[in-house]
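Here the structure comes first, spelled out in structure tokens, and everything after it is commentary.
Atom set for the values below is all heavy atoms of this structure, side chains included, hydrogens, waters and symmetry mates excluded.
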Amino acid sequence: MSAFESATRISAGQALTAEDIAAAGLKADEPVARYALRLADDSLILAQQLSWWISRAPEIEEDIALGNIALDTLGHARSFYTYAGTAWGKTEDDLAYHRDEGDFVCAHLVQVPNGDFGQTIARQLLFSIYATLLYEGLAASSDPTLAAVAAKAVKEVEYHVDHAWQWTLRLGMGTQESAQRMQAGLNIVWPYLEELFEDDELIEELPGVAVRPSTLREPALAAITRAIREAQLEIPTTKTAVTGGRKGLHRESLGFILAEMQVLARAHPGATW
């Protein structure tokens, strides 16, 4: 059974946590740390976006489901931040709460506003399929810490794919309005898909460690296309947007996301409760 034929399930995976990484006394090489940082930034911003739906989802079960997906992605972010921080003597909180907008290296797709429920599901469909393929490849990384984090994460993002896929079907094959909104959501997020598959100088520095993004493009597009067609929706024809997220060039929305996410930590640095 492939990742994209999964029924809803959650695997125990491996028990590696951010605390385990912090306690192991590891020190990531500089390029590995920069790679882990972009993985962490993608996951953190997506988690922040999804957490907005808590108490706002269309039904209580969905409220819980989106909350759990947000917690999963937050967990991925914590592990990658903790590992990245070993290179610079920084904690996960330092990297999440005390960097400015231009320091973040997340893809534009995770910055796309939630919009309505259809738009959020469209974003989830694209990102979770990409993330599943990414973590499947990263689980074979020559860097044992990245491989261990990915081996645990892939079991969770397979569930995220299943969740987004099922909702794409329900909305696409539901009422005329639900289909229109799902299609509109796909049209909005589609221009930001290609950035996920861009190779760059950092990837070239990490053969055998990082997953080459361009290798994920064909299988990801095949799976996304299949989901859209099964839902009786149209493949968007909207043009690719300007990229630059990996270089710190972001959409306007990221500043608002960070302002809300970081305000408490910056107002009270070092506070605990």
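- By the salt bridge (charged side-chain N to carboxylate O under 4.0 Å, His left out) test, Glu92 is found to be paired with Arg78, residues two or more places apart in sequence or in another chain being considered.
- Atom CD of Glu218 has 12 or fewer heavy atoms from other residues, nucleotides or ligands within 6.0 Å.
- In this structure, the side-chain hydrogen bond (donor to acceptor under 3.5 Å, both in side chains) partners of Asp199, at least two apart in sequence or on a different chain, are Arg212, Ser214.
- In this structure, Asn68 contributes its side chain and Leu71 its backbone to no donor-acceptor pair below 3.5 Å.
- Of the residues Gln124, His160, Glu230, the one that meets the side chain to side chain donor-acceptor pair (under 3.5 Å) test with Trp165 is Glu230.
- Residues Thr215 and Pro219 come closest through the heavy atom pair O-CD, 3.6 Å.
- Ring centroid separation for the pair Tyr83 and Phe80 does not come in under the 6.0 Å cut-off.
- For the atom pair Thr132 OG1 and Glu156 CD, the distance stands at 11.0 Å (nearest 0.5 Å).
- One hydrophobic cluster, built from ILVMFWY side chains closer than 4.5 Å, cannot hold both Trp52 and Val263; they sit in different ones.
- Annotation: Tyr97, atom OH; neighbour count of heavy atoms from other residues, nucleotides and ligands within 6.0 Å does not exceed 12.
- Under the 4.5 Å side-chain criterion, counting only non-hydrogen atoms from C-beta, Leu221 is in contact with Leu193.
- Residue pairs that meet the salt bridge (Lys or Arg N to Asp or Glu O under 4.0 Å) test with at least one member in residues 235-262, sequence neighbours left out, are Asp42-Arg246.
- Checking side-chain atoms of Arg123 against main-chain N and O of Val112 turns up a donor-acceptor pair under 3.5 Å.
- Phe127 has its side chain out of reach of Thr73: every pair of non-hydrogen atoms, C-beta onward, lies at least 4.5 Å apart.
- Partners of Glu198 under the salt bridge (charged side-chain N to carboxylate O under 4.0 Å, His left out) rule, at least two apart in sequence or in another chain, do not exist in this structure.
- Glu177 is linked by a salt bridge (charged side-chain N to carboxylate O under 4.0 Å, His left out) to Arg181, counting only residues two or more places apart in sequence or in another chain.
- In this structure, Asp72 does not pair ionically with Lys152, as no charged nitrogen and carboxylate oxygen lie closer than 4.0 Å.
- Separating the CH2 atom in Trp190 from the CD atom in Gln183 is a distance of 10.0 Å, to the nearest 0.5 Å.
- Other residues, nucleotides and ligands contribute only 12 or fewer heavy atoms inside 6.0 Å of the CZ atom of Arg229.
- The salt bridge (charged side-chain N to carboxylate O under 4.0 Å, His left out) test applied to Arg56 returns no partner, not counting sequence neighbours.
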